[in-house]
Amino acid sequence: SKYWEVSRSHSLSDMNAATEQLEDILNEVIESQLISDVTIGALQSAGIDSSLISYSLPQGAEAPLFTVGFNQKSHDETEIASYVAQDLNRKFYKIEANEKNIEDILQDVVHYSDGQLSDSSMIPTYFVCEAISQHAKVALSGDGADEIFGGYETYKATMLAGGVSKFLSASIWNFMGQAVHRLSGVSESRVPLSEKISRLFLGMSNNVPHTGWRRYLQDREMKSVFSKSLYDQYSEKAKGYDEAFTAAQGDVIDKALLSDQTYYLPGDMLIKSDRMSMAHGLEVRVPFLDKRIVEFANRLHPDLLVTM
């Protein structure tokens, strides 16, 4: 039998009580994860998750903040990240993503990922881990927060799919999604509106829409790029994700959260952080995946996590 397994209940539904409990637990967890014989840094983005970690750091802790800067404003998060650092009076390091040597970096990323993953965010993670390793040997990361607190926009889409996907056939949803995709053209935006609409429609055509929205490439694109053997391997892995969603207990949000916690998180996000950090001898710690925080988050009523 398993030593421990994630499960969800709806036992905590009061926002004020939940906020107080999270603050206490997070402070306790952060303090325990700062135990180290070497300098500890923190990965700071514009997100709530990394900012919560930074604001939970004890004032006496010498923990600099690190972020990656991009030329494209839609991808760059340094403005908010630097504000957090200034507000907390902490050292702040901005690592510029050098697009000139991106081909060399990509080759390194592929090498260190060891064929386990093709997540595009491995590239900025590689950049920031390389930079942090020159100043610290341990770093705190916000990984896992989205999967336990319902932070992705796709959770809202999953709620929507439960009510409207059945009104049209899978073939019609797929046709609409492909049509929007073909007409949308190319955009330098991080996630253009046309792509969101296209992915929404294409996801509705899947047996399990939630897992479909985790794919960057849809079936038609994968078949044009992958060999048959690679596509078959991918399909088998995707089937496991669908099965994790279907087997999870609870309502549609419970199923989405639990399948992400048990399949997507260990199969993508944590592999990304582990491979890219170990490439530079950097230990990444993930406070939000401390057992105390995961159990707390899984007691929260879905209404506190995802609202339309």
Side-chain angles (χ1 to χ4, degrees), residues 19 22-23 26-27 29-30 33 40-57 59 61 63-99 102 105 109 119-133 135-136 139-157 187-193 195-196 199 213-214 216 260 264-265 268-270 272-273 276-277 282 284-289 293 297 304-307:
T19 302
L22 176 59
E23 184 176 358
L26 186 57
N27 287 336
V29 168
I30 294 293
Q33 297 214 357
I40 294 182
L43 283 77
Q44 178 65 53
S45 67
I48 296 174
D49 42 17
S50 62
S51 298
L52 274 175
I53 290 175
S54 296
Y55 276 95
S56 298
L57 292 167
Q59 287 189 345
L65 308 185
F66 298 81
T67 195
V68 177
F70 293 92
N71 291 331
Q72 299 98 328
K73 192 165 184 179
S74 62
H75 291 67
D76 189 69
E77 300 183 352
T78 54
E79 183 177 352
I80 293 178
S82 62
Y83 171 82
V84 172
Q86 291 175 9
D87 194 46
L88 294 172
N89 194 28
R90 292 196 175 277
K91 286 184 180 179
F92 177 67
Y93 295 91
K94 175 183 175 181
I95 302 98
E96 294 287 353
N98 186 350
E99 298 176 9
I102 195 68
I105 295 297
V109 165
D119 190 319
S120 60
S121 63
M122 287 193 294
I123 295 174
T125 304
Y126 183 91
F127 276 121
V128 75
C129 287
E130 181 180 38
I132 292 176
S133 67
H135 302 275
L140 302 183
S141 166
D143 281 344
D146 288 315
E147 290 83 1
I148 64 174
F149 290 114
Y152 296 125
E153 288 186 349
T154 48
Y155 292 116
K156 294 183 179 180
S187 172
E188 294 298 327
S189 299
R190 189 167 188 170
V191 185
L193 178 60
E195 181 178 342
K196 290 183 179 180
R199 289 170 66 82
W213 288 316
R214 288 287 179 268
Y216 186 73
D260 283 352
Y264 176 67
L265 183 59
D268 185 314
M269 305 305 288
L270 296 184
K272 173 195 72 177
S273 295
M276 296 303 99
S277 60
L282 177 70
V284 170
R285 299 178 181 178
V286 283
F288 285 112
L289 296 182
I293 295 183
L304 297 184
L305 302 174
V306 183
T307 57

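Quick caveat: nothing in here was measured; it's all calculated off a predicted structure. Numbers for residues simply follow the sequence, beginning at 1.
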Is there a donor-acceptor pair under 3.5 Å between the side chain of Asp87 and the backbone N or O of Tyr83? no
Main chain of Ala46, side chain of Ser50: is a donor-acceptor contact present, judged purely on distance under 3.5 Å? no
If you take all heavy atoms of [X] and [Y], which pair is closest and at what distance?
X: Gln33; Y: Ile40; answer: O-CD1, 3.8 Å
X: Val29; Y: Pro287; answer: CG1-O, 3.6 Å
X: Val284; Y: Ser141; answer: CG1-CB, 3.6 Å
X: Leu282; Y: Ala136; answer: CD1-O, 3.6 Å
X: Glu147; Y: Tyr155; answer: CA-OH, 3.6 Å
X: Met276; Y: Val109; answer: CE-O, 3.8 Å

Residues two or more places apart in sequence or in another chain: which of them pass side chain to side chain contact (heavy atoms under 4.5 Å, CB included) with Thr78? Thr67, Asp76, Lys94
Would you please name every residue forming a side chain to side chain contact (heavy atoms under 4.5 Å, CB included) with Asp49, sequence neighbours left out? Ser45, Ala145, Asp146, Phe288
Side chains of [X] and [Y]: does their closest heavy-atom pair fall under 4.5 Å?
X: Leu265; Y: Leu289; answer: yes
X: Asn89; Y: Gln59; answer: no
X: Ser273; Y: Val286; answer: no
X: Leu22; Y: Phe149; answer: yes
X: Leu88; Y: Leu57; answer: no

Cation-pi between Arg90 and Phe66: NZ/CZ under 6.0 Å from ring centre and within 45° of the ring axis? no
Extract all donor-acceptor atom pairs below 3.5 Å that involve side chains of residues 126-133 and protein atoms in other chains or at least two apart in sequence.
{"unit_1": "Tyr126", "atom_1": "OH", "unit_2": "Asp108", "atom_2": "OD2", "d": "3.3"}
{"unit_1": "Ser133", "atom_1": "OG", "unit_2": "Cys129", "atom_2": "O", "d": "3.4"}
{"unit_1": "Ser133", "atom_1": "OG", "unit_2": "Glu130", "atom_2": "O", "d": "2.6"}

The ring pair (Phe, Tyr, Trp, His ring centres under 6.0 Å) partners of Phe92 (sequence neighbours excluded) come to none
Check this for me: Ile80, atom CD1, are more than 12 non-hydrogen atoms of other residues, nucleotides or ligands nearer than 6.0 Å? no
If you round to the nearest 0.5 Å, how far is [atom2] of [Y] from [atom1] of [X]?
X: Lys272; Y: Thr125; atom1: NZ; atom2: OG1; result: 4.0 Å
X: Lys156; Y: Leu305; atom1: NZ; atom2: CG; result: 12.0 Å
X: Ile53; Y: Ile30; atom1: CD1; atom2: CD1; result: 5.0 Å
X: Gln44; Y: Ser82; atom1: CD; atom2: OG; result: 9.5 Å

Using salt bridge (Lys or Arg N to Asp or Glu O under 4.0 Å) as the criterion, list what pairs up with Glu153, not counting sequence neighbours. Lys196
Test of understanding: with salt bridge (Lys or Arg N to Asp or Glu O under 4.0 Å), list the residues that count as partners of Lys91, not counting sequence neighbours. none
Residues Asp260 and Tyr152: side-chain donor-acceptor under 3.5 angstrom: no
